[in-house]
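First up is the structure itself, then whatever we jot down about it.
Quick note: numbers below take in every heavy atom, side chains included, and nothing from hydrogens, waters or symmetry partners. Every chain is numbered from 1, with letters handed out A, B, ... down the list of sequences.
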Amino acid sequence: MTAPDAGGPFTGLRHQLTAAATAFADSPDTLTGILAGMVDDVDRALAVPLEIFPVCHHSPASALAMVRRLREKQPRVIYLELCEDLQPLLGELGNCRLPVAVQAFASELAGHPSEWGPLSVVAPITEASAEYQAIVYAFQTPGVELVLVDRSTDHVFQWLPRTPEAQPDGALQMGAGGGRPGDDAALHGDAVGVEIGDLRPGFAELEAYLLHHGKVRHWSEWWDQYVEQPLADADHDTYRQVMVLIGSLFRRLRPARSERLDRDEDRERYMWTRMREHLATSGIDPSHCLYICGAFHAASQVEQFGLASDAPGYEISPRTGTRWRYGLIPSSHSAIEAQFGLAPGSVSIAAATWTKALKRSGLTPYRLDGQRGTRTRGRGGRDTAGPATGPTDRLSGLLAAPPALNGIDEAELRGWCVDIVRLARRNGYLASTADAIAVYETSILLAGLRNRARPTPYDFADAAVTCIEKDVVPGRRDVRRLCEILLGGDRVGRVGYEALPPLARDVLERLRPLGLDLEKRTVQRALLDLHADSRLAPCSDLLWMLRYLLPHDAVRPIMGERRLGQRSIQESWDVALGRNQRALIELGYEGVTVEQVLEQRLRRAIRGPQATAAGALAAIEDAIRLLDSPRLVDELGARAVELLATERTVDDAPNVLRRIRRLLAHHRATATALPAWCEAFVAAGYTHYCTLLPTAFVDEQAGVRQVGAMLGFLFSMENLALSIGCDRTQLELAVAQAHPEAPAKVALHWAARHQLGLLPLTELRDCCAELLANPLVVPIFPQYLSGFVQALDPVPGLASFVVELMSTAFAQLPDPILLPWLPTLITTLREHGPELVPLLIREAAHTFPGALPALDSWVPPWATATPAPAPPVVPAGPVVGLLTDNPDSVDAIAALLGCSDPWQRHDQPGRSAVAALLARYPDTAAAVVDLLSVDRATAQ
Amino acid sequence: MSAGSGRTTGAAGADGDATPRMQRPPAEMRYADELARLRAEDTAERPPGWALSLQAARRFILGDERAGIRRKFVGDPSLIDRALVTLATSRGLMLVGEPGTAKSLLSELLAAAVSGDSTLTIQGGAATTEDQIKYSWNYALLVAEGPSRRSLVPAPLLRGMAEGGVVRFEEITRCPLEVQDCLLSPLSDRVLALPELTGDDAMVFAQEGFNVIATANTRDRGVNDMSSALKRRFNFETVFPIADFDTELTLVVTEAGELLRRSGVTAEPRRDVLEVLVPAFRELRVGQTSRGDAMEPLSAVMSTAEAVSVAHAVGLRGWFLRGEPGTAADLVSCLAGTAAKDNPDDLARLRRYLEQQASRHAGGQWKELHTARHLLPG
């Protein structure tokens, strides 16, 4: 480490500060240590032969100082504090409209906790930033090398604490992932943000103190007033010394040994090690190099700091096996503000300040070829750096004088006042010229009250809100938002075609027949008449795939749908790909074409640990709908069979049944034979559900709907299953083994037995009648009824009986039991309506009278149908004949067995008890015969 | 100013003589010494007709430790900046916010700082008439002499215009719309016509320093909504409740202590009791406990001002009934009247809070509060 020169240029300042500390502080030693240490830091940073250029992020003053310095010094090597693995992307900046963010993205993690995934790191870049100016200079000046020296994106996550509760968002600046998709503030998604020159007080009290005494409301305003504006036109030495001083101040006034500080120090070791390595290998003179880093790092205390240090290099750990992918994504001022906790509108104000400062100073900024706006190059010639002179103290003067403010000039303020009133009127406010005057007057008075010579944009915004905002916001935007728009507005970047990944370019090319400008950020309507223009069919296919892969507002079908076996001939789409460029670019990290990514996603859906058979069937549907690839469908189908066979629960049975029915119907309608996987799935399902059926009937976890769906599968797929070799005995055994206890499942079980022919309808009716007759069971009768309703799907033949049973229940159940159950019935029918209601309605229509008058005379069919008496069983056959003719043997056997009744011939009615009765009272029979006018002889 | 000097005499009588003492003197009397010091040290430029410069007025309200000026308003300092600047322009200042957010206190402080007199006050209500705002007549003189300056009885608006002072209009939205609109001409043209008089007396022109500070509750929004014409003559500023717990607690401790001293209670309020009172108020106000559990908020206003008044009542109860500072049990008794008022639903919510939530907080006072829950009336 370089020791500060005790007798250097800052001796006077050091003495002054020490004297001040002694005079004012309660514990002068501490304050002296801090103040003198700050001056030492400045001294030490300036003494390093490799020029350290401290910056602050999104600071126009830093950018201006950088432009001036680059023009003056013309360094040959620039070391930049940015993740070293992002370097290859920087060349693509020329194809973009700033602000954009350089992104590293990883979805397949190795060496990082899987719950952190997907990992995403963004480094937003705006034009009004020192790093951008340095990057452009390096790219446009021949012979200049740009070296990124900060830790790689992989190390960003490697260095995070691995405790179970640690999350990336706990230690890093996460994006506005919670914002509404489509908001400009949510452009970075939930990525982790890295930036050059993050400079902020280390603890809240210090920031609150600075804000209070600075008479400002937020940090951005403080920075703008006390650092940004005084340094806007400062010379290089002043700029550098002040920035290092501020970096040192915030470094020294922060909680000791915080994790953040440890990480920052590791980064500094990393950067100095990388720079030393590069200097050693390239052999370049350090005086021709420039090290651009945050002001915080310029006041570093690590042992590797400087070139004179003999401390060993930092041992850099290897990267993990995580596969990182890189690209550029669009960014915006509001996204940057949200990502890094800056005040709303501050980056826009910085951009406006940058433009104004350029105009005022006459400086020409560096701008990459092809970038929007006037193409400007840095001066081609290489000026030699001026003679190196030792540092002189520029701090004393600056610290002693009040900040010189470059407030807005009068004409500009007048313009703003008029414009804000115009904007406010357009947004529903009843603002007038009088308000413009009031805003002007209030701005000036506010600036005066806050000790500013001229109003700043923040004063103007405050004044506008005070004068125009009333108790109600009439439109979508309030006055503060209107001020932000007026003061520069949010600028949204765009990644140019050339900088897009291949997939995104491919998408844009393939959608070209739509005739839309897909880079626009507006929502555009695309009309596709597939019948009239065959070129649009591939576009439609692609749009449906994008619909599946991208956020839902990226492409949205307005008219037309694509289901199994169904394609619309006309479609209408709302396309907003320009607004969802980030999503499209991130899709590009996954593959080269949309088809490939879709295939991967479908495969991933069925290979994951959470994959289910129903999920696999859904993937198959999507594969057929979107890709029409029999090979993939077969592969997914085979996996679906595996998944089904290994499932231990029947939770998904309804889904499985619904989807396999749909797929079977599709295949039967479109192909001559069912695919092999379908047959295998049905066979496996038949066996699987037969096996699980007895358990499911008694398992409390398995619902009635699930058991109903299992029975539905078994009964409705029975024909197919038996034709491919399944055994019906399995099903009969399964039903026989089931002994449900829950009423609804008992009803289902009865229905299953009825379907198998084991329980005739009359017996079923008797069972239900018994239930209704039993006062102890009546309260739970609705549960039986629920079971029968669920049985409608597996046993549709029971529909008339269910209607009968429901009618009986409505007629007989007391209201306290019936009424609480009715909502359950209604919700069940509503939820499963498509399957159950049509059946019930059809059957009810057959059963009940169609018109109201017929109701009075209507008799339920089940009430009139008297059961036909069973025909007497008359034993017949040679054995019976033989026994009848020779009853003695039988009587003897009966006697041996203890039965005293003699053998009776069944064909001899006279032997029966009835015949005996009639014989005893013949008059009755005769009277009956008379009445019936039957011939007496015949009667006898 | 005559009115001010008259009251000063009254306040001075409190030192020992038998003159009745004011319960709550106006701000310019309570802080007379601070105002005098600020006026003496004030070298900055003053807006025309102002008693103090903008900077000094700011220091008067927000405090200045070095000069020994107490902070009187706890809130966003930039709100004070904007309010003062508004008063320096030709716009009136409208303070809106939830009840109990110290709007009236702020308007009083602003009036005292700007014109040295905060008593030009109109209290808005459904029965407020133009006479009470502008002027009325001494009918005996009117009958005897006819309309003249002598028979005219000036109301606060006329006095404020004639003397160049700040007029406070409390609860302006509770006044009928046509009564509110009598401010239009004084605010825009800075003139008030007296049609009963003739000649020079027929017009009163506002003197430098005149302006209007109005206050309105957001809960009363829509009762008598202001006309657009009047709205555009006011700059609106919203006063928000105190967000920071420590700040609110400190404020309650200070204000309750001050009120108790004025009530003759020599014992300081117990901080541990107030440390129960303030969180209880916050929880009942927002409907969420400090642990994040949802609960039913009270429909009554549970502002910091109400917390101060409960703390005051607790102190009085403890001191005058038992001769000691108030306890958590006193708090239960005083809460019913403040928080529940006549609303049985609120009383039930308060009872549920004391039953279910108070016991979950740690600390002796919370325990005592829970134990004393049966003291809740009803």
message: How about OH on A:Tyr209, more than 12 heavy atoms from neighbouring residues, nucleotides or ligands closer than 6.0 Å, or not?
response: no
- prompt: Tell me, do B:Lys231 and A:Asp471 make a side-chain contact under 4.5 Å, heavy atoms counted?
  reply: yes
query: What residues form a side-chain hydrogen bond (donor to acceptor under 3.5 Å, both in side chains) with A:Glu484, not counting sequence neighbours?
result: A:Arg481
message: Going by the rule side-chain hydrogen bond (donor to acceptor under 3.5 Å, both in side chains), which residues pair with B:Thr215 if we only count those two or more places apart in sequence or in a different chain?
response: B:Glu170
Measure the [atom1]-[atom2] distance between [X] and [Y] for me, rounded to the nearest 0.5 Å.
| X | Y | atom1 | atom2 | result |
| --- | --- | --- | --- | --- |
| A:Leu445 | B:Leu87 | CG | CG | 11.0 Å |
| B:Leu93 | A:Thr466 | CG | OG1 | 9.0 Å |
| A:Lys470 | B:Ser228 | NZ | OG | 10.0 Å |

query: In terms of heavy-atom proximity below 4.5 Å to chain A, should B:Thr89 be classed as side chain, backbone, both, or neither?
result: both
- request: Pick one of side chain, backbone, both or neither for B:Arg91, based on which atoms fall under 4.5 Å of a heavy atom in chain A.
  value: side chain
message: I'd like to know which of A:Glu469, A:Arg450, A:His212 tops the heavy-atom pair count under 4.5 Å against chain B.
response: A:Arg450
- prompt: Taking only heavy atoms into account, what residues of residues 42-71 of chain B are found under 4.5 Å from chain A?
  reply: B:Leu54, B:Gln55, B:Arg58
- prompt: For chain B, which residues of residues 426-435 of chain A have at least one non-hydrogen atom nearer than 4.5 Å to it?
  reply: A:Leu430, A:Ser432, A:Ala434, A:Asp435
